[in-house]
Structures are given as C-alpha cells and as structure tokens.
Number of protein chains: 2
Amino acid sequence: MSANRDEKQRVASLLEAIAAAKGAQAWDLPAAHVEIATPASTGDDCAVLDLTGELSLVCGSDYVRGVRFALFELGLLDLYDLGYYVVVANISDVAAMGAQPVGVLTIIRYPSELSDDEFDAVFRGAQEAAVEYGCGVLGGDTGGAERLILSATALGICEQGTALLRSGARPGDTVCLTGSVGAPAAAVLYFSRSSAGEQRELPLDQRQELLSSWKRPAARVAQGRLLASEGLATACQDVSDGLRVTAEELAESSDVRVEIDEGAIPIDPIVKEVASRANVDPLALAMSASVDFELLFTVAPEQLDACREAFRGAGFPLHEIGETTQGRGAALRRRDGSLTVLPGVGWRHQQEDVSDMLRSALRSPSARGR
Amino acid sequence: MSANRDEKQRVASLLEAIAAAKGAQAWDLPAAHVEIATPASTGDDCAVLDLTGELSLVCGSDYVRGVRFALFELGLLDLYDLGYYVVVANISDVAAMGAQPVGVLTIIRYPSELSDDEFDAVFRGAQEAAVEYGCGVLGGDTGGAERLILSATALGICEQGTALLRSGARPGDTVCLTGSVGAPAAAVLYFSRSSAGEQRELPLDQRQELLSSWKRPAARVAQGRLLASEGLATACQDVSDGLRVTAEELAESSDVRVEIDEGAIPIDPIVKEVASRANVDPLALAMSASVDFELLFTVAPEQLDACREAFRGAGFPLHEIGETTQGRGAALRRRDGSLTVLPGVGWRHQQEDVSDMLRSALRSPSARGR
C-alpha cells in the first residue's frame, strides 16, 4: 500500500482536473457572454470569469454538515455522494433565482486519515455535479480539519432585472410546484428506523428510489431559467427547507397569504408507503423538513396560460397547488374547504437529529395541522 | 438573562444589517458599473449584483480553521477578530489578482452554546471588514455545527485582461514586496511561548503590535488595483502561506527562478526581537508560515521606473527584494553573493500546531538555509 499524497499533491491533481474540464462548459444567454479566463488551473489565488454585456450575477453559499447526513453516517451515502450533493444544493439556490450556473467554488476540509481515493471521490462528485449543470468547479480551498467539512459557492448569471425573488407575489397568483416532495424526509425516516430494526424492509427498488433523492438530487435549473427569461413567475424559491417553511417564507416576503390545496400536493407513492409504515401523516411528512430541490413559485393570472404552455412545451411537470390571497402566513385548504395551519415541521438549522425530530413531531397534533 | 434568539431571528438580524449597509458601497472602475440589485436582504436564496460592461469577475473561497488560530485558543483574539479575519483573508485573494472587491459571502456555523452577543460579534467583524474595503457581506449561510466554522467567498471585478496571475514573470524581472513580513509568525511564536511561561513579557505596545497582525490584518487592495489597472506587474500573489512558499510557487507558475536578496527583505524590529528571544533566525521566522497579506509581485525592466513612480505617488512602500532569472525554484542570495535555499518553513495545511512547527523547524539547519 502506497502512502497518501500530501496536500500539495492533492491540490495539484485537482487543478489538473479543473483545467481539463475548462473546455467543457457552454452557456447560451442572449444578453451576455461568459468565458472562463482562469479556472485557478495555474494555482492562482482566484478564478477569473470574463463577463460581457448587461447581466446580473447571482451568488449564494451553502454549507453541508454531517448531522444533516444521517444517511452518510449510516453508510448509505458515500463521499462521492456528499461532493455531488453540496454542489447541487448550491446550484439549486442559483436555479431558484432563475439564473444559469456559471461556476462553483468548493471548500473541502478533511481529517488527516482521509485516503487519496476518498479525497478524489469527494472532488469527483462535486465536479461531476457541476458539469451536469453546464459549469464546473472553478477553484476554492482544501486542507486539513478535525472532520470532513464541505461547503460551496455557486455563481450564476441572468439578464438584468429578471432574477426571481421571493417578494413579488400578489394576491390572486397561482402557487405552483415543479415536482413532488417528501422523498428525502421519507428516506431519513425509513432508513433510520430500518437501522434500528423497527420494521420489515422495503423492496430493493423502493429503497433505491428513496436513496436517490439524496444521492442524485436534481436542481431545477431549466425550469428556473424558463420562468426568469420568459417573465412567467412573480416569486420563486426552492423548497430545500421543506414545503411548509418555504410557503411561509414566500408569504412573508411577498406580504400575501399562501393557501395550499390539500389534494393538490404531489406526493410519490413511496412517501405514502413510508408514512403508512411509520404511522405518520403522509402530507405532514411531505411538507416537513424534506430537503427537496423543487421550485415553489407564483404566477400572475394573466401569465398562467403562458406558463402552462411553456412548461408543457418543455416537457416539465407543473403542479398548481394553491393560490395567494390578501392576508398573512400560509394555510392548508382542506377538501371540505376549511382552512388550517400547514402540517409538518420545518427544517431547524440547529437540529441535531432529523430522524428523531421527524418521528416525534409528525405524531404531534400540531404537526398534523389540527 | 434573556434566552438567546433562535436561528431564524439571528438570520433576520443579519439581513437587516446587510440591507442597512447596502447603500454604503461605491466602486469606481472605468470599464464597468456594479450595483447591488439584491443583497439577500429580502431573504432570497442568493444575492444579485448587476454588472455592466466588459469586465472580469474574480472569485475565491477560503476557510478559517481553529488550529490556525492559536491566538484565539489562547484568548488573545475574540470572535469579532475571527469574523474580521476571514473576510480580509478572502479579500486578500481578490486583491492579489488586482481586482476591486464587490462583495463577500460568509458561512458562519456555530455550536448551540454560542450566545447572541457572540454571534453578533462574528458577523459584525465580517461586515466591518468588508465595508473597510468598499463592499459588504452580501449573504451566505448560518446555522448549527459541532464547533465554530467560518469560511467566506470574495468577489471582485477588474477590467478584462488585467487580472494579475502567478504565471507571467519573465527572467530579468524585479521581485517586489508591498510591506514587511513575519509579524503573524512572530506573534504565534511569542504568545505560545509566553503562555507556557518560557520568557519575560514584552512591553504592552510591542505585544499589541504583534497581535494587530492577527486582529486587523490588511489586504493590499489599493496596491493590487494600481498594479492591474496600470499594467505594472507581470505576476503577483499574496504571501499568506509565507514568503518562502510564495516565492517558490511564483517561480514554478512562471517557470523562472526567483532570487531574493538576504539584505533586502523588510523585517520589522519586533520580529527580530521575538526571534532573538526564541533563539531562531529572524530571516527564517519572517519567511516561514507567516500569514502576511502583503503582495509579492514581479515587474518587467521597462516598467520598473513607472512602478516606482506610481507607488511613490500613491504613498505605498515598495520593497525591491530580488530578481527573476532563467532556471527553476527560489533561492536566497547572501550578502557575499553566494546562493542558498530560502530559509524558513512553509505553511502546511494539515499542520495541527503552528507554534510547535515553527519552534522545531526554525532551529533545524535546513530551515536556516544552510
């Protein structure tokens, strides 16, 4: 067994990989032209992007912590998955603003026992996720730490004035969602219970379906770009803190009331199956701290037909799940027409054990929206 | 004693502070116009900067880890200082490329026992450092973690084609430095020895001088802008990994040999004093893993007079410390004309205890360049 490379050699191998990926990117924005002048491939302090035209730069940073990764601790996700995930999570924030990702910076800090193969796996996951969305890892920082620490910054561009904010919804808008929610929360609930020997196993394909929401999450870049470039949405954000919290935040930012129809929320059968086995409300599970990357957005009445047409034309699902009204907060409209608080519990950034939180909270009356 | 605010309240208070700072920024670049469209102040997923013109975006991410902060562990730096430091360290990378900082994204993760005052101190330090350099914290991420974790991304802009790289030095260039080096390493060496009761104390003003290199480090933004906008430098980087390593990296990137004159390196008296008390070579201490943020750059012969004139006109010190030749690597030219390896030890990213490293390494014959 050969010794691990040192930090300098690891950085050198990353820079080679980054340089090799430089030619792979292609963007197509009418109002702007982007070129990677220097992807930190020569070891410079920063990456350089040449930007031309009237454009908006959209930038966000997010961190991935171990405790969020109950499934990594259980051995169900590997280091490649973590690298992939941290990049998609950051690209999702850019997508939610309607921007085209143009590059990602990563911070990869690791304990000294991390092997070369493990180090490469983290970076490979990050790089392949970025390339999946038409950009690449431009640079960042690596080095030692007491434990694995991953964070990233995603950069995107869009035409000036088109970035999708949370604050633009008006009463009477239709509330839409790009896809179904709940699988990430269901995965955490199922696998942590499963590891505790609490239930009989799901079939392999269903277990894989649950895991894939964590292993290969999808950022809705194309949908965000469509909404921004065509001016179809009045407000937008991703639901990575869970649908309940997201709806509440959008309502607050836009100073409207968000009413969601109980029967309109898209929930996959696997989520219902896990909820049933765990004896929790499937709707509460789907709206809770489920780290979905679907987009929640609002569409003005005069744009609704155009939006439906655009999504149909592009082959994207469009779920109309409610509407905005005058007022405050978010509510669930039950099938009988009555209104109640949204079910579920939000992601708490300081929560240590998501699985425990989900299990205890989803059984409480308030989580069931009653 | 009132209870601490929760994460949501903390974020809200940050967003208020960010929004309040929005109007403070002003940039002046001939080829570009920058405006903060959305500083994440409405709680959006990302910040939005409107950019107009032909420009280069310069971006880098760096992490600050506890072990680098021996002085924080010793109680000599506070949380404000850490927030300030992580921003300056990132802005320094933008400065080294010759760009004007336009914004910073921060990641602040903290253990649950961190009080409101402590949380505010970290953020205040970060924000005030950014404002010091004409920009602001645009957004980022906060939340829980097992221990305090700080990282940041700095964004800067410069005219296209003017970014300063490490790779442009040619044989015959003059090697220059923007200021003296060694105080950060001397501070670590002095205070860790002092806390171990190994020596008599320095006078208060000298102790404060040592500490200020960590509490209020200075990024050389104005110097970098001068070099880039006037096309004065062929290569540039900051010396945050220590002068020895920086010289070696610049030599390797530019495929030249860097020769540094023993007598030309600017070293403050306080560094010599600490070296003398610790019985280590002052030159080795100054060139070692000292986290200085001065710029090391090279100037072509035909630009040297213009560079001297520009620095004199701006009131910036300019230290001409050597020259580049054909060949490889970096070397020290002794007063007798003989060449030897550069003294000192580089910053090792996986090093756990900088003080121990400095003490043992600086006493070894190889560290003394013999």
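Remember, predicted model here, so these are calculated numbers, not experimental data. Note: hydrogens, waters and symmetry copies are ignored here, and every other heavy atom, side chains too, is used.
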Exercise. A/Asp238 versus chain B, heavy atoms under 4.5 Å apart: side chain, backbone, both or neither?
Worked result: both
Exercise. Of B/Ser61, B/Cys46, B/Cys59, which meets side-chain contact (heavy atoms from CB on, under 4.5 Å) against A/Thr153?
Worked result: B/Ser61
For this session: Any chance you could measure A/Arg147, atom CZ, to B/Ile149, atom CD1, to the nearest 0.5 Å?
Result: 5.5 Å
Exercise. In Å and rounded to the nearest 0.5 Å, what is the CG to OG distance from A/Asp141 to B/Ser151?
Worked result: 8.5 Å
Problem set entry | Approximate separation, where rounding is to 0.5 Å, of B/Gln160 CD and A/Thr52 OG1 | 4.0 Å
Exercise. Excluding sequence neighbours, so at least two apart, what forms side chain to side chain donor-acceptor pair (under 3.5 Å) with A/Asp292?
Worked result: A/Ser290
Problem set entry | Partner chain B: residue of A/Thr106, A/Val94, A/Leu105 with the largest heavy-atom pair count (under 4.5 Å) | A/Leu105
For this session: Answer whether the closest heavy-atom distance between the side chains of B/Leu57 and A/Leu155 falls below 4.5 Å.
Result: yes
For this session: To the nearest 0.5 angstrom, please state how far the OH atom of A/Tyr63 sits from the CG atom of B/Leu150.
Result: 11.0 Å
Problem set entry | Rounded distance (nearest 0.5 Å) linking atom CG of B/Leu49 with atom OG of A/Ser56 | 8.5 Å
For this session: State whether the number of non-hydrogen atoms from other residues, nucleotides or ligands found under 6.0 Å of B/Glu118 atom CD is greater than 12.
Result: yes
Exercise. With respect to chain A, which residue among B/Asn90, B/Val58, B/Leu164 yields the maximal number of heavy-atom pairs within a distance under 4.5 Å?
Worked result: B/Val58
